J.: 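This structure is in structure tokens; I'll ask about it shortly.
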Amino acid sequence: MNTATLEKKVGYFGNYGGQFVPEHLAVKLNHLYEVFLSYKDEPEFKAEFANLLKTFVGRPSPLYKAENLSKLVGSTIYLKREDLNHTGSHKINNTLGQILLAKRMGATEIIAETGAGQHGVATATVAALMGIKCKVFMGKVDSERQKMNVERMITLGAEVITATDGRATLKDAVDAALTYYVHNPNSFYLLGSAVGPHPYPTIVRYFQSVISEEIKKQIQEIEGRQPDAVVACIGGGSNSIGAFAHFIDDPKVKLYAAEAAGEKLEIGKTAATLTLGKPGVFQGAYSLCLVDENGEPVPSASIAAGLDYPGIGPEHAHLKEINRVAYHPITDDEAVDAYKLLSRTEGIIPAIESSHAVALAQKLFKDKNALVVINLSGRGDKDVSRL
Ligand SMILES: *Cc1c(COP(=O)(O)O)cnc(C)c1O
């Protein structure tokens, strides 16, 4: 298997993906894909993106050997420090890439959805950088549990619009943003994860794959070999696909993703889409989704706003089907334990989302003597007042 075969049918990963949207949106999305294809390998675009990643974001992010955690677990564990990026998570890699496309398309307004607020902050940040107006849609529940990020977005000059439908979390923010986008076709929808209709899963993967490109190089320099495993948390699937992308073709590197089990593995109390989800069309793509007995999407539940989403990126549905990535559910309690453990053993407060990956690595690699990289997708400043 190679990466090229994953995309044989445009916008599909095996059986999953596609573009299930009204005709006039399809026209816009296909135009976005053409713009992406025409710029992604263009030297000037690449140079601008690379320079901003370096001087604005602070890349390459360090690969840190977590000695204390390694001793405790019984494997050699490295942390890929996406938490050290400007704005505090991996989200900025993708928002920068997309806003450079938006700029070239002459966009005058950026819209975005956000769960934990990390994507909203990252989008408000790059919109300020480029001088483009920005509206961020956020579920009311999320805006209350991630207040600091709401204040950061406002400080950055963005307008925050709260969505009150459903459980008022990420799914409802996406619905509100999509509705706005349908009615305001001149806006640029800056999507925050590897989800939604084609071309977003492909575009987001491309901009986030800088993570695995760096891991590969860094671990080779430090350890003289590639890792036995890479572990990442998974909400919609962007930090994980970014951390996996350059390893997918190397079967010696095992890939693991930690999804949010929530309180427990029961529909209504969980966000474990890859464990419990069923195939269907959801928010513009054919993928897996948490549904009720009638096949209707049901709200997800997780302590981590960034993982609290009933859908999943289509490439992950495919990677699960072909058994290339192993997806494991991690409960709220397990994530909180890992959050405290990493804070106290390494002096690094992880995002509660990223803590799911730490918890999974601990479970899988206890006394295994393996060489493991955990993608630490974000920092936990936003979580300290709550956990
Ligand atoms: C948004 C977010 C996630 C989940 O989103 P993915 O698209 O699955 O990466 C994970 N960690 C952090 C810190 C986030 O902000």
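All values derive from a computational prediction rather than experimental measurement. Note that ligands are numbered from 1 as they come in the structure, with each ligand's atoms numbered from 1 the same way.
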J.: Heavy-atom contacts with Ile234 under 4.0 Å: which atoms of ligand 1 show up? List them by number with element.
T.: 8 (O)
J.: Judging by distance only, is a nitrogen or oxygen of Glu353 under 3.5 angstrom from one on ligand 1?
T.: no
J.: For Ala116, state whether at least one heavy atom is located under 4.0 Å from any atom of ligand 1.
T.: no
J.: For ligand 1, which atoms sit closer than 4.0 Å to a heavy atom of Ser238?
T.: 6 (P), 7 (O), 8 (O), 9 (O)
J.: Taking the six-membered ring for Trp, are Phe137 and Tyr180 ring centroids under 6.0 Å apart?
T.: yes
J.: What atoms of ligand 1 come within less than 4.0 Å of a heavy atom belonging to Lys91?
T.: 1 (C), 2 (C), 3 (C), 5 (O), 14 (C), 15 (O)
J.: Any N or O on Ala194 sitting closer than 3.5 Å to an N or O of ligand 1?
T.: no
J.: Should Tyr256 and Tyr327 be marked as a ring pair (Phe, Tyr, Trp, His ring centres under 6.0 Å) after you check the CA-CA gap, both sets of side-chain angles, and the distance that decides it?
T.: CA-CA 6 Å; Tyr256 298 91; Tyr327 297 86; 9.8 Å; no
J.: Report yes if some N/O of Asn239 lies less than 3.5 Å from some N/O of ligand 1; otherwise report no.
T.: yes
J.: Could you list the atoms of ligand 1 found under 4.0 angstrom from a heavy atom of Gly378?
T.: 13 (C)
J.: Under a 4.0 Å threshold between the charged nitrogen and the carboxylate oxygen, would Asp228 count as salt-bridged to Arg225?
T.: yes
J.: With the threshold set at 4.0 Å, does a side-chain nitrogen-carboxylate oxygen contact exist between Glu315 and Arg324?
T.: no
J.: Report, in ascending order of atom number, the atoms of ligand 1 lying under 4.0 Å from any heavy atom of Ala351.
T.: 13 (C)
J.: If the cut-off is 4.0 Å to any non-hydrogen atom of Ser193, which atoms of ligand 1 fall inside it?
T.: 6 (P), 7 (O)
J.: Provide, to 0.1 Å, the distance between atom 4 (C) of ligand 1 and the closest protein heavy atom, together with that atom's residue and name.
T.: Gly306 O, 3.3 Å
J.: Less than 4.5 Å apart, any side-chain heavy atom of Arg152 and any of Val121?
T.: yes
J.: Ignoring angles and geometry beyond distance, decide whether Ser377 reaches within less than 3.5 Å of ligand 1 through its nitrogen or oxygen atoms.
T.: yes
J.: Heavy-atom contact check, 4.0 Å cutoff: does Glu82 meet ligand 1?
T.: no
J.: For Gln118, take its heavy atoms, then give the atoms of ligand 1 lying under 4.0 Å from any of them.
T.: 15 (O)
J.: Side-chain donor-acceptor pair under 3.5 Å between Ser61 and Lys80, yes or no?
T.: yes
J.: Between Asp175 and Gln283, do the side chains contain a donor N or O and an acceptor N or O under 3.5 Å apart?
T.: yes
J.: Would you call Lys147-Glu151 a salt bridge at under 4.0 Å N-O?
T.: no
J.: Answer yes or no: is there an ion pair linking Lys216 with Glu221, defined by an N-O contact shorter than 4.0 Å?
T.: no
J.: For a quick check under 3.5 Å, do Gln19 and Asn30 share a side-chain donor-acceptor pair by atom type?
T.: yes
J.: Output the list of atoms in ligand 1 that are nearer than 4.0 Å to some heavy atom of Leu307, sorted by atom number.
T.: 4 (C)
